[in-house]
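Remarks on the structure that follows.
What you see below is based on every heavy atom in this structure, not just the backbone, and it leaves out hydrogens, waters and symmetry mates.
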Amino acid sequence: MNNSDYFNKALHDMVFENACGAAIRRLADMSMPVSNINKQLDYPISFERVQRYVWQYYLDNKTLLYLSNKTNYREENGYIIITEPCKTKTFVKEQGAYGKITYRQVIIESGKSNDNKAINSSPGNESDKYIACNFGIIKRKNPDEYKKLLNKLDSNDSAYIDDLPWENKIIYHRMNEKLISICKSINNR
């Protein structure tokens, strides 16, 4: 990639972020389907671009999770609970030799893990639990079964699942209100 292509891509990404990045993140945090997010935007943008942005946002904020060999977790009642140490970012104030004050970002890794937080919290706390989702596998290997699965859901939940670009492998989704609703609908019908 030459310098002008790099600059144009960076400029395009900056314009995109300023025009609609915060709005997309806010609507995604409300578990809105990608198609509805795309309709809500005033800035003209393709469905695919919004879809990729939401997917990456879900990966970045750990709504979606790929398990790797390095991921520490434990299984409990069909869920996985991440047991990696909690990391928090903070700023440290430093004063130079001539009195100049600067701030440096540091990452503090506490000994308490997400596992402990789930154990110490009230029963039913779903924020640290993930469930395996094989929607991409079903969609590619058995499209009829995938359609039946979507038909069990209401239109909003169905759009939420269908609008995400599920890959052809198991991906773990945080047990939030949206996924609890989806799981109940699938299991009840």
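For Glu17 and Arg25, the salt-bridge test passes: some basic side-chain N is under 4.0 Å from an acidic carboxylate O. Ion pair Lys9/Asp13 flagged as a salt bridge, since at least one NZ, NE, NH1 or NH2 atom sits closer than 4.0 Å to an Asp/Glu carboxylate oxygen.
Looking at heavy atoms from C-beta onward, Asp154 lies out of side-chain contact with Ser185 at the 4.5 angstrom threshold. Here the side chains of Met175 and Ile180 are in contact, with some heavy-atom distance below 4.5 Å. Taking 4.5 Å as the limit, some side-chain heavy atom of Leu27 sits within range of a side-chain heavy atom of Gln40. Looking only at side-chain heavy atoms (C-beta outward), Ile171 and Leu65 stay at 4.5 Å or farther from each other. Counting heavy atoms from C-beta outward, Asn142 and Tyr146 have side chains that stay 4.5 Å or more apart. Residues Lys169 and Tyr66 have side chains in contact (heavy-atom distance under 4.5 Å, counting atoms from C-beta outward). Ile101 places none of its side-chain heavy atoms less than 4.5 Å from the side chain of Glu94. The shortest side-chain heavy-atom distance between Leu67 and Tyr130 does not fall under the 4.5 Å cut-off.
Shown here for Ile45 and Leu41, the closest heavy-atom pair between the two residues is CG2-CD1, 3.6 Å. For the pair Cys133 and Leu179, the tightest heavy-atom approach, listed with the atom from each and the gap, is SG-CD2, 4.3 Å.
With sequence neighbours excluded, the residues forming a side chain to side chain contact (heavy atoms under 4.5 Å, CB included) with Lys178 are Ser31, Asn156, Asp157, Tyr160, Asn176, Ile182, listed by chain and number. Every side chain to side chain contact (heavy atoms under 4.5 Å, CB included) that Ser46 has, sequence neighbours left out, goes to Glu48, Arg49. With sequence neighbours excluded, the residues satisfying side chain to side chain contact (heavy atoms under 4.5 Å, CB included) with Asn168 are Ile137, Arg140. Residues that satisfy the ring pair (Phe, Tyr, Trp, His ring centres under 6.0 Å) test with Trp166, not counting sequence neighbours, are Trp55, Phe135. Annotation: ring pair (Phe, Tyr, Trp, His ring centres under 6.0 Å) contacts of Phe16 (sequence neighbours excluded): Tyr53. Residues passing the side chain to side chain donor-acceptor pair (under 3.5 Å) test with Asp144, sequence neighbours excluded: none.
Atom CD1 in Ile161 sits 7.0 Å away from atom CG in Leu153 (nearest 0.5 Å). Rounding to the nearest 0.5 Å places OH of Tyr43 at 10.0 Å from CD1 of Ile24. The CG atom of Asn38 sits 12.0 Å away from the CE atom of Met32 when rounded to the nearest 0.5 Å. For the atom pair Ile186 CD1 and Leu149 CG, the distance stands at 4.0 Å (nearest 0.5 Å).
Met30 is connected to Val54 through a chain of hydrophobic side-chain contacts under 4.5 Å among Ile, Leu, Val, Met, Phe, Trp and Tyr, so both are in one cluster.
Gln95 CD: more than 12 foreign heavy atoms inside a 6.0 Å radius. Few gaps surround CG on Asn18; more than 12 heavy atoms of other groups in view lie less than 6.0 Å from it.
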Verdict with reasoning, Gln56 to Asp60, per side chain to side chain donor-acceptor pair (under 3.5 Å): CA-CA 6 Å; Gln56 188 59 50; Asp60 291 344; 2.8 Å; yes

side-chain contact (heavy atoms from CB on, under 4.5 Å) assessment of Asn61 paired with Tyr57: CA-CA 6 Å; Asn61 75 0; Tyr57 176 65; 3.4 Å; yes

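Cation-pi geometry between Lys129 and Tyr172 is not met: the NZ or CZ atom fails to fall both under 6.0 Å from the ring centre and inside 45° of the normal.
Within the 3.5 Å criterion, the main-chain N or O of Ser35 finds a donor-acceptor partner in the side chain of Asp163. The backbone N or O of Lys147 sits less than 3.5 Å from a side-chain atom of Asn151, completing a donor-acceptor pair. Not one N or O on the side chain of Asp162 forms a donor-acceptor pair closer than 3.5 Å with the backbone of Ser158.
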